[in-house]
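Computed from a predicted structure; not experimentally measured.
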Amino acid sequence: MSEEKRNTSKRTVTWPVLLLAVAFVGFFCLALGYALGSRSHGDYTVYTQTEASFPSQETEAAVEVIQAEEEVFPIDVNTADAETLELLPGIGPEKAAAIVAWREEHGLFSQPEDLLDVSGIGEATLEEIRSLIVCGDGTE
């Protein structure tokens, strides 16, 4: 065999082996990178007993608001001041002032429907607040 044929045959044998070695090293590096990456970048949620035992400040604040609402409602529209009336849904400062002004001018409300006579209060607003109000006799 000539020298050129020997060199060519050696090259053809080494290329597949070289490609296989490069592929193996590449796969190994890829697998190692994935394994190390997944260990250091995981998202974990840890629940501890202390979190379950003590409510957060937000939870405590929400409970206080609910307790305060239970103490405030129902609101007596015959005795409430404008600030208290503003706690009702759909009643802002202007409507609250209009309720107080109407009450001072015309007297006490005898039923919730009397609020329809107040400027700015319609059927929708009345239905929204009906379960949250009472029309007392003006004595506390």
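Within the 4.5 Å cutoff, the side chain of V77 has heavy atoms near those of the C135 side chain. I133 is not listed as a side-chain neighbour of D76, based on a closest heavy-atom distance of 4.5 Å or more.
Screening residues 105-124 for ring-ring contact (aromatic ring centres under 6.0 Å, His included) gives W102-H106, W102-F109 as the qualifying pairs, with residues at least two apart or on separate chains. Residue pairs meeting the ring-ring contact (aromatic ring centres under 6.0 Å, His included) criterion with at least one member in residues 78-97, sequence neighbours excluded, do not occur. Applying the salt bridge (Lys or Arg N to Asp or Glu O under 4.0 Å) rule to pairs touching residues 84-99 yields nothing, sequence neighbours excluded.
A search for side chain to side chain donor-acceptor pair (under 3.5 Å) contacts involving E128 returns nothing, not counting sequence neighbours. Remark: D81 engages T84 in a side chain to side chain donor-acceptor pair (under 3.5 Å) (not counting sequence neighbours). E113 meets the side chain to side chain donor-acceptor pair (under 3.5 Å) test with R130; sequence neighbours excluded. Applying the side chain to side chain donor-acceptor pair (under 3.5 Å) test to S119 and every residue at least two apart in sequence or in another chain returns nothing. Applying the side-chain contact (heavy atoms from CB on, under 4.5 Å) test to A82 and every residue at least two apart in sequence or in another chain returns A96, V100. In this structure L132 satisfies the side-chain contact (heavy atoms from CB on, under 4.5 Å) test together with F73, L88, P89, sequence neighbours excluded.
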The test is side-chain contact (heavy atoms from CB on, under 4.5 Å); show your working for L115 and T125 and say whether it passes.
CA-CA 10 Å; L115 285 169; T125 304; over 6 Å; no
Could you go through the side-chain contact (heavy atoms from CB on, under 4.5 Å) check for I121 and I99 one step at a time?
CA-CA 9 Å; I121 298 189; I99 292 171; 3.6 Å; yes
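Proximity of a side-chain donor or acceptor of R103 to a complementary backbone N or O of A98 within less than 3.5 Å is not detected. Side-chain atoms of N78 never come within 3.5 Å of backbone atoms of L108 as a donor-acceptor pair (strictly under, hydrogens ignored).
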Run the side-chain donor-acceptor check on residues 17-26: report pairs under 3.5 Å with partners two or more places apart or on a different chain.
none

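Counting heavy-atom neighbours within 6.0 Å of E83 CD, excluding the residue itself, gives a total of 12 or less.
No continuous path of hydrophobic side-chain contacts links I75 to V134 [ILVMFWY only; heavy atoms under 4.5 Å].
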